[in-house]
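Notes for the one structure printed next.
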Amino acid sequence: MRRIGVLTSGGDSPGMNASLRAVVHEAYKNNIDVIAFRQGFSGLIDDNSFEIHIPDVGGIIQRGGTILLTSRSEDFRTAEGQKQALSNIEKHNIEGMVIIGGDGSLHGAQALSDMGVKTIGIPATIDNDIAYTDMAIGVDTALNNIMEVVDKIKDTASSLRRTFIVEVMGRNSGYLAMVSSVVTGAEACIVPEIVPDYENIVNIIKDGYQRGKTNALIIVAEGASTAFQVSKKLKDMEGISTRITTLGHLQRGGSPTCFDRLLATRLGSAAVERLIEGEGGKMAGLVNNRIQLTEFNKVFAKKYDYQEKLFELAQVFGEV
Ligand code: F6P
């Protein structure tokens with residue numbers, strides 16, 4: 001293998017740069033050239049590319065976002081777009097591709113693979129909604145971002161004995177909401193995977209105040225409801241007055257944590273190693289703390305592991 005291509009795609013995720021850096025270093029070690037495409041699959045279609053070298057990835061391991069830029073490309077969903085992308089891959093004599101991104105991007109990686117391009121996908125999304133990887137790149141940083149802000153919100157909430165509703169990202173996954181509920185001691189957690197029991201939530205809040213708690217916190221996953229809707233519900237049911245905070249994109253920014261830098265580096269390096277060994281059509285993931293490659297078909301056939309136990313943990317500690 002003489003030359004590979006790399007791109008970051010979909011919503012940016014902290015650690016994408018660390019992963020890119022690992023791809024470039026691993027390739028350099030093996031005398032392989034790397035062509036980087038800017039702006040995800042859009043850049044692959046438009047041939048917005050450059051040969052990327054070690055100095056280009058210097059000082060990026062600690063940077064959030066992606067220096068390659070990213071996009072959610074509608075054009076790559078079309079046969080025309082895919083044909084154009086393939087012709088650019090052939091034009092550059094690229095023998096293997098590394099695609100760093102979330103669910104949609106990994107489907108794009110599979111499309112390349114179906115066209116005969118040896119492709120390895122690297123899961124990078126704060127949503128943690130991809131099967132066959134315990135964690136995706138960026139999840140840990142997003143959780144730390146949420147935890148830091150919620151701790152601050154609890155300072156003001158407890159000063160005024162207030163109930164706060166915090167809305168977090170995650171698309172259709174409740175992972176960010178569940179974990180952040182556990183680590184911030186939220187009274188309740190609302191996730192798309194489970195129908196919320198509002199009667200129970202109201203009782204938990206009221207009991208808590210009666211037992212002397214100084215605040216109440218509910219974390220709601222965007223895929224389940226909005227902070228505004230939950231606030232209205234509590235008002236309508238029991239006249240409970242709340243304050244709301246929607247964390248939004250601050251969850252996705254900032255310097256990647258130690259965990260994300262390490263995961264990104266391990267996956268980036270493994271992706272290149274496996275391309276060299278002739279593999280393709282697979283995603284590199286973290287399974288039981290080992291790097292494991294899984295066929296795209298198998299990854300997409302399974303729903304991500306929702307981890308019911310985490311929801312139970314969030315509930316058990318929230319109730320008392
Ligand atoms: O998939 C990552 C994610 O941050 C989701 O949690 C969120 O729903 C979505 O992207 C937001 O997308 P955008 O940045 O395009 O508004």
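Read the numbers this way: they start at 1 and go in the same order the structure lists the ligands and their atoms. Position 1 is the first residue of the sequence, and the numbers go up from there.
A salt bridge between Lys232 and Asp236 is present, with a side-chain N of the basic residue lying under 4.0 Å from a carboxylate O of the acidic one.
Screening Thr265, Asn17, Leu20 against Ile61 for a side chain to side chain contact (heavy atoms under 4.5 Å, CB included) leaves a single residue, Thr265.
A side-chain donor from one of Ser49 and Asp47 sits under 3.5 Å from a side-chain acceptor of the other. Using a 3.5 Å distance cut-off with no hydrogens or angles, the side chains of Asn289 and Arg266 do pair a donor with an acceptor.
No path of Ile, Leu, Val, Met, Phe, Trp and Tyr side chains, each step under 4.5 Å between heavy atoms, connects Val98 with Met115, placing them in separate hydrophobic clusters.
A cation-pi arrangement is present between Lys302 and Tyr132, with the terminal nitrogen or guanidinium carbon under 6.0 Å from the aromatic centre and inside a 45° cone about the axis.
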Please produce the table of protein N or O atoms sitting under 3.5 Å from N or O atoms belonging to ligand 1, one pair a line, distance to 0.1 Å.
residue: ligand 1; atom: 1 (O); partner: Asp127; partner atom: OD2; Å: 2.7
residue: ligand 1; atom: 1 (O); partner: Arg171; partner atom: NH2; Å: 3.3
residue: ligand 1; atom: 4 (O); partner: Arg252; partner atom: NH1; Å: 2.9
residue: ligand 1; atom: 6 (O); partner: Asp127; partner atom: OD1; Å: 2.7
residue: ligand 1; atom: 6 (O); partner: Gly170; partner atom: N; Å: 3.1
residue: ligand 1; atom: 6 (O); partner: Glu222; partner atom: OE2; Å: 3.3
residue: ligand 1; atom: 8 (O); partner: Glu222; partner atom: OE2; Å: 2.5
residue: ligand 1; atom: 10 (O); partner: Arg72; partner atom: NH2; Å: 3.1
residue: ligand 1; atom: 10 (O); partner: Arg171; partner atom: NH2; Å: 3.4
residue: ligand 1; atom: 10 (O); partner: Arg252; partner atom: NH1; Å: 3.2
residue: ligand 1; atom: 12 (O); partner: Arg72; partner atom: NH2; Å: 3.0
residue: ligand 1; atom: 14 (O); partner: His249; partner atom: NE2; Å: 2.9
residue: ligand 1; atom: 14 (O); partner: Arg252; partner atom: NH1; Å: 2.8
residue: ligand 1; atom: 14 (O); partner: Arg252; partner atom: NH2; Å: 3.0
residue: ligand 1; atom: 15 (O); partner: Arg72; partner atom: NE; Å: 3.2
residue: ligand 1; atom: 15 (O); partner: Arg72; partner atom: NH2; Å: 3.2
residue: ligand 1; atom: 16 (O); partner: His249; partner atom: NE2; Å: 3.2

